[in-house]
Structures are given as structure tokens and as C-alpha cells.
Amino acid sequence: MSLSLLRWVLDPRTSLLARRIRKNRDYEMSPDAAWRLARLRLHPDEAPYRNHGHGPPS
């Protein structure tokens, strides 16, 4: 199962908002970045987890 399909199944509201964000920005943003931005707009309490896994290896 692809990551995009899994996101649609688990959280369609966030996925729809991410799609709208990408469309309004003429698709200049990657789908992953748009999904993370949408997730933070809908769930601001998850901000500490935003950069998880995106730092330099330790």
C-alpha cells in the first residue's frame, strides 16, 4: 500500500486540505510538505513531531 493511499484511508480530511494547499500554490509544494502543513493546521498540538525523522543522522 502506498503512503498516499494510506494517508487517504487514515485521515481523509487532512488529505483533502493538503490537496487544496497544493492546488492553491500551483503544485509548487511537494505532496509530503503539503500534507505536513495541513496536518499542523488541523492539529497544532502535533507541532513537536513535525520534524521527526528529518534531521541529520545522529
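In this chain, residues are counted from 1 in sequence order. These numbers come from a predicted model, not from an experiment.
A pairwise comparison of heavy atoms in W35 and S15 identifies NE1-OG, 3.4 Å as the closest pair. Looking at every heavy atom in both residues, A34 comes nearest to R22 through CB-CG, 3.3 Å.
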- Message: side-chain contact (heavy atoms from CB on, under 4.5 Å), that's the test. Do D11 and R7 meet it? Break it down for me.
- Response: CA-CA 6 Å; D11 196 351; R7 285 178 173 170; over 6 Å; no
Would you check, one step at a time, whether the test side-chain contact (heavy atoms from CB on, under 4.5 Å) holds for L16 with W8? CA-CA 8 Å; L16 285 172; W8 273 101; 3.4 Å; yes
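One distance of note links CD of E46 with CZ of R41; it measures 15.0 Å at 0.5 Å rounding.
When the shell of 6.0 Å around CZ of R19 is examined, it contains 12 or fewer heavy atoms from other residues, nucleotides or ligands.
Hydrophobic clustering (ILVMFWY, side-chain heavy atoms < 4.5 Å, transitive): Y27 and I21 are in distinct clusters. When the side chains of ILVMFWY residues are joined at heavy-atom separations under 4.5 Å, either directly or via intervening members, L40 and M29 end up in two distinct hydrophobic clusters.
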